[in-house]
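Just so you know, these numbers use all the heavy atoms, side chains as well, and skip hydrogens, waters and symmetry mates.
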Amino acid sequence: MLYYLFTYLYQHYHIPGTGVFQYTTFRAAMAVVTSLIIAQYFGAPLIRLLQRQQIGESIRDLGLQGQMEKKGTPTMGGLIILLAILVPVLLFAKLDNIYIVLMILSTVWLGLIGFVDDYIKVVKKDKEGLAGRFKVLGQIGLGITVGWVLFFSKDVTVRQYLLPNGDLSAVDASTVYQDVKLMITTIPFAKNNELNYGNLFSYAGPYFNGLYSILYIPIVILIITAVSNGANITDGLDGLAAGTSAIIGITLAIFCFVSGNALLADYLDIMYIPNSGELVIFCTAFVGACVGFLWYNSYPAQVFMGDTGSLAIGGIIAVLALIVRKELLIPVLCGIFLIENLSVMLQVSYFKYTRRKYGEGKRLLRMSPLHHHYQKLGYHESKIVSRFWIVGIMLAVITLVTLKLR
């Protein structure tokens with residue numbers, strides 16, 4: 001909203017200083033500062049409110065070090081994250097940008113699902129929370145919406161440059177270009193690093209056009225569901241999910257910046273996505289919200305984000321990656337989420353397999369998810385979190401290297 005106000009003042013009254021709102025970098029900086037201030041200013045009062053309402057975490061004794069000390073710690077702190085994201089975005093972003101609209105929708109959508117789940121757990125005192133099928137239905141609904149918009153909206157395009165011979169090239173120094181509707185994505189570490197989803201389904205022949213969207217949308221659903229659940233599972237130690245997500249958010253901000261800048265995209269020889277640069281403002285607000293939340297969530301946590309925050313941040317990361325056509329990098333960039341997910345799946349599968357085969361279930365890990373395995377080994381919670389952050393930074397660097405290493 002402030003963007004439109006200051007743009008009007010600049011264009012009609014030429015007030016000195018109002019022109020800075022035309023720069024994405026300035027608005028991104030303002031977004032992260034505002035996000036941090038909101039998280040700091042509203043965090044403490046919200047925690048006190050949650051304490052007064054006795055909205056605290058109920059802890060099941062799993063024999064983990066320091067676990068029972070957390071009983072009664074306020075949860076639903078994800079409200080701090082949601083507020084610290086949405087307010088700066090509404091203030092500083094272009095609200096008519098299709099990608100910003102999609103990100104706001106995704107944030108609110110999954111935030112509401114998580115809020116309902118937390119509300120049932122801590123207010124209604126139902127430990128099961130929202131039934132799993134309703135969570136999945138909500139994630140599928142968002143996946144269908146995001147996939148539909150990305151596939152059918154005329155505002156979602158990539159720019160291809162016209163060579164003198166009339167052929168199209170992904171990036172070229174020429175100023176003659178076309179913004180075309182193509183569902184292509186980036187293949188990491190490949191020389192010709194673009195994959196057209198349509199080519200995967202070319203066997204369909206004359207039915208190709210009809211099947212294209214039908215087959216693309218389930219891919220979007222799978223990615224959103226997997227990443228949001230991965231973030232949810234990772235949220236098991238103080239500061240783990242928030243810190244990991246902040247690292248991922250910084251990486252995605254860089255991708256949004258270079259993908260939305262024609263000169264940088266040309267220099268790096270990557271796909272230029274018109275209007276995606278505006279997402280830098282959303283990314284910086286997201287990073288600011290995660291870092292601001294860490295002020296209260298770092299060990300020992302004064303508040304937990306709950307599903308309100310974890311489902312939302314996972315969905316945000318997934319949709320951002322889809323928009324900038326970097327979804328094939330998610331296994332690397334979100335490697336912490338992936339290994340946490342896999343640790344649970346492997347633990348359960350191996351237990352069931354050994355129980356069927358030997359009559360007694362055996363475990364691969366001392367406990368899943370993976371961070372609890374290390375707790376069982378005797379590592380202190382803060383050490384586990386710090387080391388997971390370090391691994392997250394390493395994965396982020398490897399992800400960024402794909403911009404040039406092919």
Side-chain angles (χ1 to χ4, degrees), residues 1-4 6-7 10-11 18-35 85-86 88-107 146 149-150 153-161 170-175 177-186 193-194 248-289 316-327 329 333 396 399-400 402-404:
M1 291 181 282
L2 289 180
Y3 166 77
Y4 298 102
F6 281 91
T7 298
Y10 176 70
Q11 292 177 346
T18 55
V20 295
F21 274 76
Q22 302 302 308
Y23 297 98
T24 302
T25 49
F26 173 79
R27 289 184 287 126
M30 292 298 297
V32 71
V33 170
T34 305
S35 181
I85 292 173
L86 293 174
V89 170
L90 292 173
L91 288 175
F92 298 108
K94 297 179 183 177
L95 301 181
D96 57 349
N97 182 291
I98 183 65
Y99 301 127
I100 292 295
V101 173
L102 205 54
M103 291 312 306
I104 292 174
L105 174 67
S106 302
T107 304
V146 171
V149 171
L150 293 179
S153 174
K154 59 181 177 56
D155 296 321
V156 178
T157 60
V158 295
R159 181 162 295 178
Q160 292 195 324
Y161 293 80
V171 178
D172 184 71
S174 170
T175 57
Y177 61 83
Q178 292 178 346
D179 290 342
V180 295
K181 187 72 185 175
L182 281 177
M183 295 316 300
I184 57 178
T185 191
T186 305
N193 67 333
E194 289 183 3
I248 295 170
I250 293 169
T251 310
L252 287 171
I254 294 171
F255 278 124
C256 291
F257 185 72
V258 298
S259 298
N261 185 294
L263 293 176
L264 288 175
D266 181 50
Y267 172 73
L268 294 169
D269 193 22
I270 62 172
M271 191 187 314
Y272 172 59
I273 306 170
N275 303 316
S276 64
E278 196 68 15
L279 286 171
V280 176
I281 293 147
F282 188 96
C283 289
T284 53
F286 173 73
V287 172
I316 286 168
I317 290 167
V319 177
L320 280 170
L322 284 161
I323 289 173
V324 294
R325 318 296 176 105
K326 297 294 185 291
E327 62 268 28
L329 280 168
L333 178 60
T399 305
L400 289 172
T402 63
L403 286 170
K404 290 303 289 182

Once rounded to the nearest 0.5 Å, what's the spacing between atom [atom1] of [X] and atom [atom2] of [Y]?
{"X": "S259", "Y": "L403", "atom1": "OG", "atom2": "CG", "value": "7.5 Å"}
{"X": "T402", "Y": "L329", "atom1": "OG1", "atom2": "CG", "value": "4.5 Å"}
{"X": "I270", "Y": "E194", "atom1": "CD1", "atom2": "CD", "value": "10.0 Å"}
{"X": "L105", "Y": "I100", "atom1": "CG", "atom2": "CD1", "value": "12.5 Å"}

Please name the pair of heavy atoms, one in [X] and one in [Y], separated by the smallest distance, quoted to 0.1 Å.
{"X": "S35", "Y": "A289", "value": "OG-N, 2.8 Å"}
{"X": "C256", "Y": "C283", "value": "SG-SG, 3.8 Å"}
{"X": "A396", "Y": "L333", "value": "CA-CD1, 4.3 Å"}
{"X": "I104", "Y": "F282", "value": "N-CE1, 4.3 Å"}

Can any side-chain N or O of [X] pair as donor or acceptor with the backbone N or O of [Y] at less than 3.5 Å?
{"X": "S106", "Y": "L102", "result": "yes"}
{"X": "N275", "Y": "N97", "result": "no"}
{"X": "T34", "Y": "A31", "result": "no"}
{"X": "T284", "Y": "I281", "result": "yes"}
{"X": "T186", "Y": "K326", "result": "no"}

Considering only heavy atoms from C-beta outward, does the side chain of [X] approach that of [Y] to under 4.5 Å?
{"X": "R325", "Y": "V158", "result": "yes"}
{"X": "Y267", "Y": "N261", "result": "no"}
{"X": "F255", "Y": "L400", "result": "yes"}
{"X": "L252", "Y": "F286", "result": "no"}

Is it true that, when you exclude Y3 itself, more than 12 heavy atoms of the residues, nucleotides or ligands shown sit nearer than 6.0 Å to its OH?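 Yes.
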Taking atom NZ as the centre, does K404 end up with more than 12 heavy-atom neighbours from other residues, nucleotides or ligands that are less than 6.0 angstrom away?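 Buried by this count: over 12 neighbours within 6.0 Å.
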Walk me through it: do D266 and Y272 pass the test side chain to side chain contact (heavy atoms under 4.5 Å, CB included)? CA-CA 8 Å; D266 181 50; Y272 172 59; over 6 Å; no
Extract all donor-acceptor atom pairs below 3.5 Å that involve side chains of residues 316-324 and protein atoms in other chains or at least two apart in sequence.
none

If you apply the rule side chain to side chain contact (heavy atoms under 4.5 Å, CB included), what do you find for L279 with M103, and how did you get there? CA-CA 9 Å; L279 286 171; M103 291 312 306; 3.6 Å; yes
With sequence neighbours excluded, tell me which residues meet ring-ring contact (aromatic ring centres under 6.0 Å, His included) with F26.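 Residues passing ring-ring contact (aromatic ring centres under 6.0 Å, His included) with F26: F21.
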Which residue in the set D179, I273, V180 passes side-chain contact (heavy atoms from CB on, under 4.5 Å) when paired with T157?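 Running side-chain contact (heavy atoms from CB on, under 4.5 Å) over D179, I273, V180 with T157 returns exactly one hit, D179.
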Name all pairs fulfilling the side-chain hydrogen bond (donor to acceptor under 3.5 Å, both in side chains) condition that reach into residues 20-33, sequence neighbours left out, sorted by first residue then second.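 Listed once each, the pairs are T7-Q22, R27-E278.
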Examine the side chains of D96 and Y4 and answer whether a donor and an acceptor come within less than 3.5 Å of each other.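 Checked: D96/Y4 side chains pair up, N/O donor to acceptor below 3.5 Å.
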